[in-house]
Chemist: 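Please see the structure below; I have some questions.
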Amino acid sequence: MVSTLEPRNARKTNVLAAVALAAAALMAGCEGSSSGSPIGAGDVLEARDERGAPVTLRIDAVENDAKDADGDLFLYTVSYRDPQGGDWKPYCRPDRDGRMVAIPLQGYWKASGDYVAAEDVITFGCTSGVVGKCARWGYKPWKTVGGVSLRNHHLACVRMARADYCGDGRSHTREGTRIQIYDRLGIQKREEEAGMVFEAAWGPEGAVYVGKARYAEPLESLVGQCEGRLRGRTRLDTESLDARSVAERYPEALLFNESQVVAESP
């Protein structure tokens with residue numbers, strides 16, 4: 001599957017500065033509602049943003065994702081109360097369809113990109129951000145395919161979408177970048193597209209092997225930044241490997257991606 005990482009809206013969202021990664025973690029349990037979703041329209045929730053600051057959220061609408069064939073993805077229209085003026089403002093930035101909606105996912109992400117599987121915490125991942133996108137791409141952490149949980153596939157997808165090679169939360173990409181995604185399970189399949197070149201293989205903790213950086217960043221620099229994680233695991237150390245060869249050599253690799261060759265740094 002080929003996808004585009006949409007450019008961010010220039011508008012800032014005050015308390016939700018890092019909404020593209022994980023949005024806010026809700027310190028609230030899930031209760032049933034008439035819609036069948038965990039939290040219903042009209043609910044007001046006391047939450048904390050990624051910096052730990054309190055924020056009040058309001059659920060304005062809940063709907064099934066019309067693009068989801070399984071029927072188990074709910075899209076939430078969420079507002080947050082502006083701490084300055086008290087007005088309700090959209091929680092999410094628009095995605096490529098102009099929708100400002102989010103998907104609730106159990107647990108939360110640290111600034112390092114590490115996932116914490118807290119049963120009493122929910123993260124609203126906006127569909128304009130990687131956490132929500134990866135669920136819509138089919139990597140639903142609550143599902144299994146062929147007896148394999150997709151939790152780690154979702155985590156690997158988040159690392160991949162952000163080009164978080166080192167697994168430390170640092171992004172090496174730009175939004176608006178075209179990438180191709182595929183995996184071992186066939187949830188997303190490779191498509192031929194001119195100009196796309198194998199970039200990397202991914203696991204839940206970051207890159208497993210890197211053939212090239214998404215932008216024109218020298219692999220030597222990338223290896224140095226990753227503090228040993230990528231030593232022996234790049235094109236510098238082996239012959240140039242394609243995705244099939246990488247999959248055979250590194251069984252821990254779950255997702256693979258291709259990107260275009262560009263001459264700019266991120």
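Owing to the predicted nature of the structure, the values given are computational and were not obtained by experimental measurement. For the single chain, residues carry numbers from 1 onward in sequence order.
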Chemist: Just by distance, do the side chain of T123 and the backbone of G107 share a donor-acceptor pair under 3.5 Å?
Modeler: yes

Chemist: Taking 4.0 angstrom as the limit, do D97 and R99 come out as a salt bridge?
Modeler: no

Chemist: Check ring pair (Phe, Tyr, Trp, His ring centres under 6.0 Å) between H153 and all other residues, then give those that pass, not counting sequence neighbours.
Modeler: none

Chemist: Between A118 and Q106, what is the shortest heavy-atom contact and its length?
Modeler: O-CG, 3.5 Å

Chemist: When you check the gap from the basic side-chain N to the acidic O, do D168 and R229 get nearer than 4.0 Å?
Modeler: no

Chemist: Quick one, L241 and F198 - any side-chain contact, counting heavy atoms below 4.5 Å?
Modeler: no

Chemist: Can you list the residues that meet the salt bridge (Lys or Arg N to Asp or Glu O under 4.0 Å) rule with D237, with sequence neighbours excluded?
Modeler: none

Chemist: Can you name the salt bridge (Lys or Arg N to Asp or Glu O under 4.0 Å) partners of D242, sequence neighbours left out?
Modeler: none

Chemist: Side chains of W88 and D60: donor-acceptor distance under 3.5 Å anywhere?
Modeler: no

Chemist: Do L219 and V210 make a side-chain contact, defined as non-hydrogen atoms from C-beta onward lying under 4.5 Å apart?
Modeler: yes

Chemist: Could you check whether any side-chain heavy atom of Y91 comes within less than 4.5 Å of a side-chain heavy atom of M100, counting everything from C-beta outward?
Modeler: no

Chemist: Does the side chain of V223 reach to within under 4.5 Å of the side chain of R231, using non-hydrogen atoms?
Modeler: yes

Chemist: May I ask you to test the I187-K143 pair for a side-chain heavy-atom distance under 4.5 Å?
Modeler: no

Chemist: Which pairs pass side-chain hydrogen bond (donor to acceptor under 3.5 Å, both in side chains) with one or both residues in residues 198-207, sequence neighbours excluded?
Modeler: Y165-E199, E199-R214, E199-N257, E199-S259, W202-N257

Chemist: Are the side chain of S171 and the backbone of R162 linked by a donor-acceptor contact shorter than 3.5 Å?
Modeler: yes

Chemist: Filter on salt bridge (Lys or Arg N to Asp or Glu O under 4.0 Å), then keep only pairs touching residues 147-161, sequence neighbours left out; what's left?
Modeler: D114-R159, R159-D164

Chemist: Which salt bridge (Lys or Arg N to Asp or Glu O under 4.0 Å) pairs, counting each pair once, include a residue from residues 249-260, with sequence neighbours left out?
Modeler: R190-E258, R233-E252, E239-R249

